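Everything quoted here is computed from the prediction, not taken from an experiment. Just so we're on the same page: letters track the sequence lines, and every chain starts at 1.
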Amino acid sequence: MKIIKIKEINKFENKLVRINGWVYNSRRSGKIGFLTVRDGFGLIQCVVVKDDIGDESFESFKRLTQESSITVIGKVVKNDRAIGKYGILVDSYELHHLSQDYPITPKEHGTEYLMANRHLWLRSKRQHAILRVRHEIVKSIRDFFDMNDFTLVDTPIFTPNAAEGTSTLFRTEYFGKEAFLAQTGQLYGEASAMAFGRHYNFGPCFRAEKSKTRRHLTEFWMVEPEIAYCDIEEDMMWAENLLIYIVQQVIKNKSNELNILERDIDVLKKVAGPFPRVSYTDCIEILNKADFNIKWGEDFGSPEETYIANQYDSPVIVHRFPSKIKAFYMKRDPENEKVVLGMDILAPEGYGEIVGGSERETNIDILIDRIDEEKLNKSDYDWFLDLRRYGSVPHSGFGMGLERVVAWICGLSHIRETIPFARTMSRLNP
RNA sequence: UCCGGUAUAGCUCAGUUGGUUAGAGCAGUGGACUGUUAAUCCACGUGUCCCUGGUUCGAGUCCAGGUACCGGAGCCA
């Protein structure tokens with residue numbers, strides 16, 4: 001007899017099968033019982049009839065608890081009343097472990113409680129769906145870069161320097177020296193782009209900012225392509241095409257999960273491109289028309305960002321920011337020295353910045369000036385400056401925050417559900 | 001760091017103007033039920049009311065300080 005996955009149940013109509021899983025829910029009505037079983041691949045309703053399995057088995061069935069691990073043996077039958085349109089008429093079952101007092105009941109719980117039980121919450125339908133969408137997004141990111149001849153080159157997590165000098169870094173001890181957990185792999189990505197032409201790195205980043213909002217994690221995953229012989233316009237195109245590809249793949253392959261999450265797929269279908277491109281200077285004008293009272297040169301706050309994003313159905317690309325509010329490595333616009341060739345992509349529906357990128361400064365003298373201006377330690381960047389000494393070329397790249405993309409595509413109100421084990425200011429466990 | 005909010009049963013919450021023995025639903029246990037979808041119905045239990053101090057005849061309730069957590073700002077993906 002075959003052990004099958006619930007997701008392939010429709011291939012086994014009227015066959016006897018085995019399913020390895022866990023009790024999702026159990027209820028009964030006299031001499032007939034209904035056991036919803038999950039196996040990690042899906043849910044199925046198993047019908048337990050006293051007269052079929054015998055008094056003794058039925059008595060022990062009545063004692064089955066939520067999340068007990070069992071193997072169910074029975075016949076697959078079509079059943080319109082059941083979830084998934086198929087059910088199993090139980091012949092017998094084997095109990096592996098009887099779960100006692102499972103903390104997550106089918107009733108409501110607070111988020112704090114659920115986060116404290118995150119290791120168990122992962123079994124719930126919604127959390128399962130979110131992480132499967134995350135999986136699809138990760139896969140489509142890797143496929144996209146693979147199809148376009150990018151090479152994955154992993155960048156280190158221990159670093160000696162502060163790449164952007166602005167964000168707070170986690171400090172650690174490294175054989176008697178000070179080291180930091182990487183907040184970006186970008187500088188290493190630039191080295192790799194000079195070796196491979198098209199590079200990307202994808203891994204965890206760490207930021208010790210004391211941010212307590214629904215958009216922040218202290219540990220999150222970022223994908224960062226870096227492309228040689230690429231200007232800012234091409235950079236925007238890569239980011240746009242990546243986002244469109246991700247959304248298409250999720251709609252195509254994870255529609256069940258989006259339904260479980262009650263995500264409006266029509267909203268996602270509007271993400272077709274080309275995305276609107278608005279300069280920072282134009283944004284200032286738009287914002288002041290809406291009574292925001294922001295001066296040229298000031299950085300956008302969260303309300304400003306949300307207002308700009310809400311003007312459009314699809315993500316919007318904001319570009320050419322004042323150089324003073326952006327990182328030292330961004331190239332200045334030859335047509336306007338006051339701005340840099342940087343761009344941010346803002347997701348619709350208030351999900352905020354999901355991409356940040358730029359064309360990189362190639363002139364070593366300007367870079368050294370900028371490093372001094374930011375009061376960074378020049379010796380830490382000597383290897384980075386080498387990239388401008390030996391065959392410097394125009395190049396660009398961007399970083400995309402995985403969890404914010406997951407939150408946006410799933411339509412979630414909080415980023416902590418987008419990663420299996422969230423790390424926030426107040427949570428290091430489980 | 002700043003601003004706002006919350007803290008009562010295993011979980012989710014109610015608790016009046018300060019009043020005597022602190023409540024509900026769910027979960028759990030036992031029972032009834034052959035078509036349930038968070039099944040329903042009957043019976044049974046549970047408390048450091050976050051901590052410390054204060055006001056009061058009397059504090060879960062009012063006041064002060066503290067702690068923890070939540071949301072927002074800043075910062076950012």
Atom-to-atom span, CE of M115(A) to P of rG71(B) - whole angstrom: 10 Å
Distance between C1' atoms of rG47(B) and rG23(B) (Å, rounded): 12 Å
With respect to the side chain of E112(A), which nucleotide from rC69(B), rC76(B), rU1(B) is positioned closest? rC69(B)
Side-chain H-bond candidate by donor/acceptor type, Y93(A) with S57(A), under 3.5 Å: no
Are any of R416(A)'s side-chain N or O atoms less than 4.0 Å away from OP1 or OP2 of rG71(B)? yes
Can you check the distance between rU8(B) and rA77(B), where both ends of the measurement are the P atom (answer in whole Å)? 37 Å
Checking side-chain polar atoms at under 3.5 Å, does S68(A) have a donor or acceptor matched by the opposite partner on H97(A)? no
Between S302(A) and R215(A), is there a side-chain donor-acceptor contact under 3.5 Å, judged purely by atom types and distance? yes
Check every strand shown and say whether K50(A) touches a base, only sugar-phosphate, or nothing at a heavy-atom separation below 4.0 Å. nothing
For rG4(B), which nucleotide in any strand shown is its Watson-Crick or wobble partner with both distances under 3.5 Å? rC70(B)
Out of rC33(B), rC70(B), rG74(B), minimum distance to the side chain of R28(A) belongs to rC33(B)
Test for a donor-acceptor pair under 3.5 Å between the base of rC11(B) and the side chain of H109(A), counting only N and O atoms. no
Say we look at rC49(B) and rA14(B): how far apart would their C1' atoms be, to the nearest angstrom? 13 Å
Closest to side chain of D101(A), choosing from rG28(B), rU12(B), rC70(B): rG28(B)
Base of rG35(B) and ring of F34(A) stacked, centres under 5.5 Å, planes under 30°: no
Could you tell me whether V355(A) contacts a base, only the sugar-phosphate backbone, or nothing, with contacts defined as non-hydrogen atoms closer than 4.0 Å? sugar-phosphate
Is there a side-chain polar atom (N or O) of H216(A) under 4.0 Å from OP1 or OP2 of rG74(B)? no
Just to be sure I understand the rule, does D52(A) reach a base, reach only the sugar-phosphate, or reach nothing, if contact means heavy atoms closer than 4.0 Å? nothing
Below 4.0 angstrom from OP1 or OP2 of rA73(B), is there any side-chain N or O of R215(A)? yes
What is the nucleic acid contact for D299(A), judged by heavy atoms within less than 4.0 Å: base, sugar-phosphate only, or nothing? sugar-phosphate
Verdict with reasoning, R277(A) to E240(A), per salt bridge (Lys or Arg N to Asp or Glu O under 4.0 Å): CA-CA 11 Å; R277(A) 287 156 165 77; E240(A) 179 181 67; 3.0 Å; yes
Quick check on side chain to side chain contact (heavy atoms under 4.5 Å, CB included): which of Q186(A), E361(A), E359(A) does Y329(A) satisfy it with? Q186(A)
Check the distance between rC11(B)'s P and Y102(A)'s OH and give it to me in whole angstrom. 16 Å
Given side chains that start at C-beta, do those of V90(A) and F61(A) come closer than 4.5 Å, heavy atoms only? no
T105(A) side-chain N/O to rA38(B) phosphate OP1/OP2 under 4.0 Å: no
Using a heavy-atom cut-off of 4.0 Å across all strands, would you classify Q45(A) as base, sugar-phosphate, or nothing? base
When rounded to the nearest Å, what value does the distance between C1' atoms of rC50(B) and rC69(B) take? 11 Å
F220(A) near the nucleic acid: base, sugar-phosphate alone, or nothing, with a heavy-atom cut-off under 4.0 Å? base
S358(A) and R360(A): side chain donor to acceptor below 3.5 Å: yes
Separation between the P atoms of rU29(B) and rU21(B), rounded to whole Å: 33 Å
Provide the distance between the two C1' atoms, one in rU61(B) and one in rC41(B), to the nearest whole Å. 37 Å
Both R27(A) and G301(A) contact RNA chain B. Which one's nearest nucleotide lies toward the 5' end? R27(A)
Considering only atom P, compute the distance from rG58(B) to rU20(B) and round it to an integer number of Å. 15 Å
pair_partner(rU61(B)), Watson-Crick or wobble, both distances < 3.5 Å, evaluates to none
Taking atom P in both rC76(B) and rG15(B), what distance in whole Å separates the two? 42 Å
Is there a donor on the side chain of S211(A) or the base of rC75(B) sitting less than 3.5 Å from an acceptor on the other? yes
Which of the following nucleotides, rU34(B), rG74(B), rA38(B), is nearest to the side chain of N25(A)? rA38(B)
Which part of the nucleic acid, if any, lies within reach of I104(A) when heavy atoms closer than 4.0 Å are counted: base, sugar-phosphate only, or nothing? nothing
